[in-house]
Structures are given as C-alpha cells and as structure tokens.
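A short write-up of the structure that comes next.
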Amino acid sequence: MPELPEVETVRRALQPHLTGRRILHVECHAETLRRPLDLVGRPELMGARVLELRRRAKYMLAELDSGFALLLHLGMTGRCHVDGPDVAPRPHDRVSWSLDDGRIWRLEDARKFGLAELHRLPEPGADPAILSDLGPEPLSPDFGAGYLREVCRGRRLAIKALLMDGKAVAGIGNIYASEACFRARIRPATPAGRISLARLQRLAGAVREVLVEAIDAGGTTISDFAAPDGSEGSFRTRLDVYGRDGEPCDRCREGGIRRLVIAGRSTFDCPRCQR
DNA sequence: AACACGTCCTGAGCGC
DNA sequence: TGCGCTCAGGACGTGT
C-alpha cells in the first residue's frame with residue numbers, strides 16, 4: 001500500500017515522537033518479515049538515541065547516535081504506532097521498541113512484506129550502502145525531464161513500469177504511476193524510449209504534482225493504509241483513474257476508464273485522452 | 001476465489 | 001557460442 005506520499009505521511013507523524021528518544025528495549029514477535037529479523041540484543045540499538053527520522057524512496061531511516069540506522073519498510077500492509085505503556089500488542093505487531101518516555105513504538109505488518117533492519121551509516125546523514133541502487137527522489141532537483149530522457153533512452157519497457165522501477169525513480173508505486181501517466185496524457189503502455197522530450201517534461205511535472213498533492217492529503221487509503229494516529233489518507237477521493245475502471249473519464253467526459261495489466265500489475269487509463 | 005498499494009529472483013530473449 | 005543487459009512473470013504471508 002504505502003508509496004512515497006504514504007511513507008512521508010507516516011514519517012511526519014512519527015518523527016516528533018522518536019527524535020531525541022532512547023531505545024531501551026526491543027522485542028520481535030515474528031521470526032522474519034521480508035528477511036529474517038535480527039534486532040534483539042544488538043548493541044548498536046540498545047540504549048541508542050534517535051537523532052532523526054528521514055525518508056528515502058519508500059524506506060524510513062531512524063538515524064541513531066551509534067552510527068547505525070534502523071531501516072524500515074512498510075511493505076504492502078505495514079503500519080507504525082506509538083502506544084502508551086498499557087496498550088497490548090495487536091495480532092500483527094511484529095516489532096516493539098520501548099522508548100525512554102515510557103511509550104512503545106510498534107511496527108504492525110499483517111503480510112510480513114515489510115522490513116526492519118540495522119545498517120551502518122557511512123557518515124552521519126548519509127544513506128546506508130543497501131540503498132545505493134535507488135534512483136533520484138522525484139521531488140528533488142535531480143529529477144526532471146532531462147533525467148527521464150536519460151533513463152528512458154533505448155528502453156522498450158512500458159513507461160509506467162519504468163516509473164515504478166526504484167532504480168529509475170525512487171518511491172513511485174502502482175497508484176501514482178497510473179495517476180501521473182493520466183495527468184501527463186501518456187498511455188502507460190508506451191515504450192519509455194519512444195516518448196518525446198516535450199512529453200517527458202509533462203510527465204516529470206505530473207509526477208511531482210501528484211506526489212505533492214497526495215502528501216498534502218495525507219496519502220491514499222484504499223484498504224489498509226493509516227497514519228500512526230489512525231487517520232486515513234484522503235487522496236483516494238482525488239484519484240483520476242486508479243481503481244475506477246468502467247467509470248467515465250472526468251477530463252474528456254467521453255472515454256471510459258479501463259483496467260489493463262502492465263508488467264503484472266493493474267493499470268488504469270483513459271484510452272481516449274491518453275495517447 | 002481472485003486479487004491486493006512492494007520487492008526480489010529467475011529465466012527467456014535480445015544485441016553485440 | 002558466450003556475455004551482459006533488459007524485461008515479464010512468479011514468489012513471498014495474509015486478509016478481504
């Protein structure tokens with residue numbers, strides 16, 4: 001579920017609760033998430049203070065004063081909670097971190113596609129090596145039409161699949177890839193290498209625009225996503241195409257939105273106004 | 001019972 | 001034929 005706007009929403013909500021706190025204790029309630037959990041008894045974690053919580057792509061990084069960072073990923077169904085001392089763990093809470101203010105930070109993840117790992121930081125504020133393959137942040141100056149032209153050159157891959165490739169652009173998932181293509185009036189199945197610079201310009205603008213609006217709305221909740229305070233994202237009401245197959249297109253008022261499959265994922269477009 | 005908003009791996013297919 | 005790259009498809013637990 002969570003793409004860049006949802007992860008950013010979680011990060012913003014969590015950050016004031018974690019910054020400056022010491023981690024006193026950790027418990028894992030599962031053997032493994034996407035990979036085996038290995039957090040118990042780690043000296044890099046015990047007693048460490050959280051310096052800041054930042055985001056890279058769909059990952060969150062809680063930087064610690066031990067030179068390590070807790071790398072978190074929410075997978076498809078991950079949620080974070082900051083509980084009072086008397087709140088019992090939920091059935092799918094997988095990791096609990098006890099904080100020095102008495103509260104408990106928890107990662108809930110029904111499907112266990114998420115991630116919680118310790119990684120050494122090469123220097124303060126830098127990303128761990130495990131994230132080095134990620135493409136630029138779409139809301140950073142490194143991302144734009146020029147960059148897209150470079151990364152699309154010679155590729156036959158559908159543009160929507162390229163947008164979802166974290167090595168090309170960080171943080172865009174299935175919902176916002178369809179939405180950005182709609183806003184740019186580009187068919188999501190178009191081979192990436194055959195899109196003109198002018199259209200890539202539109203696409204880069206559409207990507208930035210849809211992500212900024214979605215962050216402002218607190219993300220998109222289809223079924224699972226919720227911020228740490230339990231609130232749902234309101235961007236669902238502003239989706240133009242995602243999950244709306246069979247409905248008329250709000251832009252051209254003539255085409256019907258259809259569902260197709262690109263690179264194995266549900267994709268939505270208006271074949272009349274997206275070329 | 002099909003399908004799910006993410007990632008990782010495999011193997012087929014391609015160009016050189 | 002072989003190498004390296006690209007890409008599609010499946011696998012990964014669980015819930016609806």
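Below, chain A is the first sequence line, B the second, and so on; all start at residue 1. The structure presented is a predicted model; accordingly, all values stated were derived computationally and were not measured. Excluded from the calculations below are hydrogen atoms, water molecules and symmetry mates; all remaining heavy atoms, backbone and side chain alike, are included.
Contact between the side-chain N/O atoms of Lys58(A) and the OP1/OP2 oxygens of dT7(B) is found at a separation under 4.0 Å. The phosphate of dC5(B) has neither OP1 nor OP2 within less than 4.0 Å of any side-chain N or O from Tyr176(A). Within the structure, every side-chain polar atom (N or O) of Arg259(A) is placed at least 4.0 Å from both OP1 and OP2 of dA2(B). Phosphate proximity of dA4(B) to Ser266(A): present, with a side-chain N or O under 4.0 Å from OP1 or OP2. Note on His73(A): every side-chain N or O is 4.0 Å or more away from OP1 and OP2 of dG6(B).
Between the side chain of Arg34(A) and the base of dG13(C), no donor-acceptor pair under 3.5 Å is found.
The residue among Ala158(A) and Ala110(A) whose nearest nucleotide of DNA chain C lies closer to the 5′ end is Ala158(A). Between Val261(A) and His92(A), it is Val261(A) whose nearest contact on DNA chain C lies nearer the 5' terminus.
Looking at Asp245(A), Thr267(A), Asp269(A) one by one, the single match for side-chain hydrogen bond (donor to acceptor under 3.5 Å, both in side chains) with Arg258(A) turns out to be Asp269(A).
Of the inter-residue distances, the one linking Glu247(A) atom CD with Asp240(A) atom CG reads 11.0 Å to the nearest 0.5 angstrom. Summarising the geometry, atom CZ belonging to Arg149(A) is positioned 10.5 Å from atom OG belonging to Ser196(A); distances are rounded to the nearest 0.5 Å.
Whole-Å rounding puts the Ile262(A) CD1 to dC7(C) C1' distance at 13 Å. Computed from coordinates, the Arg35(A) CZ to dC9(B) P distance equals 8 Å when rounded to whole Å.
Using a 4.0 Å heavy-atom criterion, one finds that Arg111(A) contacts the bases of the nucleic acid, with or without backbone contacts as well. Using a 4.0 Å heavy-atom cutoff across all strands shown, Arg155(A) reaches sugar-phosphate atoms only and no base atom.
Listed for the Arg187(A) side chain is a donor-acceptor partner under 3.5 Å among the backbone atoms of Pro271(A).
Pairing for dG13(C) is absent, with no Watson-Crick or G-U wobble pair whose two atom distances lie under 3.5 Å.
With centroids closer than 5.5 Å and planes inclined by less than 30 degrees as the test, Phe113(A) and the base of dT7(B) fail to qualify as a stacked pair.
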